[in-house]
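Let me begin by presenting the structure, written as structure tokens, before commenting on it.
For this chain, numbers begin at 1 and follow the sequence in order. Note that ligands are numbered from 1 as they come in the structure, with each ligand's atoms numbered from 1 the same way.
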Amino acid sequence: MAVSTRRLRATCLLLAALLGCALASADAVTPPHLRKQGSATQLIVDDQPFLLLGGELHNSSASSLEYLNKLWPTLKAAEVNTVLAPVEWDQIEPVEGRFDFTVLDGMLKQARAHNTRLVLLWFGAWKNSMSTYAPAWVKKDTQRFPRARTRAGVAQEILTPFAPATLAADTAAFRALLAHLKQTDTQHTVLMIQVENEIGMLPEVRDYSAAANEAWRAPAPAALTAYLAAHKDTLQPALKAAWEARGARLSGTWAEVFGDTIETEEIFQAWHYAQFVEALTAAGKAVYPLPMYVNVALNRPGKRPGEYPSAGPLPHLFDVWKPGAPSVDVIAIDTYFPNFIHWAKQFKRPDNPLFIPEANHAERPDAGADAFYAIGEHDAFGFSPFAIDDIKDGNSSLPQAYRLLKQLAPVINRYQGSGKVRGFKAPLSYEGEVDAAPQQVRMGGYAVQVSFNAPWEKLSSAEVQTRGGLIIQTGDDEFLVAGKGLTVVFSADGAQVGIEQAIEGLDQNGRWLNGDETHQGRHINLPGDAYTIQRVKLYRYR
Ligand code: DGJ
């Protein structure tokens with residue numbers, strides 16, 4: 001008896017020690033965060049780089065757990081590893097100071113049951129310029145939470161950013177959300193937080209409420225002018241021109257520093273939005289420091305400030321938002337225009353990684369090619385088209401691309417930021433015209449030409465547009481070529497280049513591609529009807 005009690009105690013001690021170790025190692029996993037690797041920024045989840053292959057739900061899909069629950073077969077068919085879903089201020093704080101996280105908790109539970117991560121979109125004070133997600137106790141109390149006004153003084157369904165009470169209320173709710181996540185999401189289902197949604201002023205360039213007008217007459221902030229002076233060689237051209245035309249002043253009113261123009265009014269409004277977001281983000285991070293980003297609605301060509309959602313973190317205002325909201329990790333791009341490449345390039349900067357929370361709708365036939373391009377060419381750590389609930393089955397472009405990108409993710413994660421990854425897609429103009437010309441890049445000792453059609457193919461522009469892929473240089477003479485509908489010719493200075501071997505897929509059992517499949521050794525060809533991978537070894541001869 002005494003022996004078995006001792007044994008029991010020993011077993012218990014061992015179990016406790018093991019359990020303790022297990023708990024300690026769970027604790028040791030750091031929360032999701034961003035980390036630099038060369039020129040790339042990676043999202044680190046459970047201490048590993050995580051390529052976010054996401055999709056954003058329609059705005060109201062996650063507001064009902066019953067409704068959301070029915071979407072999971074679709075989300076699984078879409079092959080997403082992460083769902084972007086709103087958290088609504090009016091739903092979590094229906095009464096001031098009383099929080100209800102039932103829907104959020106249910107969403108986390110559903111996501112975990114389907115082995116899917118979440119990015120939460122904080123629909124707080126602003127969602128697409130408007131303030132419709134503010135709770136009724138905020139909306140109805142216009143004394144305490146004043147509205148933005150037009151130049152003519154008409155109140156809008158837009159909260160002014162110039163009201164400390166609004167910032168305090170939004171911040172209290174945001175902090176409560178993050179405190180709840182910190183306490184309950186020990187599994188790190190939630191990877192990042194989007195702060196508000198597509199902030200931007202409409203129908204006029206800025207708020208003309210009394211508080212806003214007072215701020216307009218005040219000096220431009222030294223934090224902004226000091227940033228401009230420190231970054232004068234890399235400033236966005238229009239902002240730089242306006243500032244330098246007035247003598248690159250470090251002080252003065254907004255109009256004195258940038259000119260009395262509608263563009264200056266946009267800069268002014270952008271600064272104040274950014275400062276609001278900064279306070280909110282910093283307060284949220286102080287509770288639970290998840291990566292946080294803002295997203296932006298792009299402006300159409302030829303439109304003037306006030307004719308598009310103005311003063312959001314648009315490229316021409318990066319130099320206002322960066323110093324105005326330094327706690328924001330990423331300015332992310334929502335791209336609904338055909339000229340995706342034109343815009344994506346502008347968001348990859350030394351101080352800003354590329355992340356696309358809302359690419360044009362998920363069912364588009366070129367969604368997959370855009371994902372390959374963004375990840376391959378600009379080290380995007382994530383891609384996520386809008387309306388992921390609309391995916392019909394696993395055969396459309398996005399799920400096909402995601403299936404392959406999931407296989408490739410360990411290799412992509414390894415090489416991101418090293419300069420050894422390139423992405424390819426035919427660029428489209430804003431009007432949707434496709435530039436199908438072959439693209440040339442240098443990779444190590446090779447010149448690489450990528451065409452979007454094989455020599456014998458006659459394709460429509462619509463077909464060319466669906467093609468895209470990436471190439472990773474994995475050794476001096478070795479490349480991984482992946483995607484759909486690419487024809488790749490390698491050449492080198494002073495020697496002819498031959499294909500030593502091309503093997504399909506990433507494992508050992510793939511076909512050895514030769515003969516017709518390499519056009520008798522002339523090129524690597526990724527067929528146009530599916531996403532595939534080839535491991536290629538080259539040799540040189542004279
Ligand atoms: C952009 C917004 O950010 C989304 O929430 C959604 O409203 C889409 N537009 C609709 O196209």
Practice item. Let me know which protein residues bring a heavy atom to under 4.0 Å of ligand 1; chain then number is fine for ordering. Key: N59, K127, N128, N197, E198, D334, Y336, E358, F386
Review point. Just checking, any donor-acceptor pair under 3.5 angstrom between side chains of Q400 and S397?
Key: no
Check your understanding: Are D319 and Q236 linked by a side-chain donor-acceptor pair shorter than 3.5 Å?
Key -> no
**Study point:** K406 NZ: over 12 foreign heavy atoms closer than 6.0 Å
**Key:** yes
Review point. Do any pairs count as a salt bridge (Lys or Arg N to Asp or Glu O under 4.0 Å) and have a residue in residues 347-376, sequence neighbours left out, and if so which ones?
Key: K348-D379, R349-D351, E363-K392, R364-D366, R364-D370, D366-K425, D370-K425
**Study point:** All pairs passing salt bridge (Lys or Arg N to Asp or Glu O under 4.0 Å) where residues 195-216 contributes a residue, at least two apart
**Key:** R206-E265
**Study point:** Counterpart residues, side-chain hydrogen bond (donor to acceptor under 3.5 Å, both in side chains), relative to N299 (two or more places apart)
**Key:** none
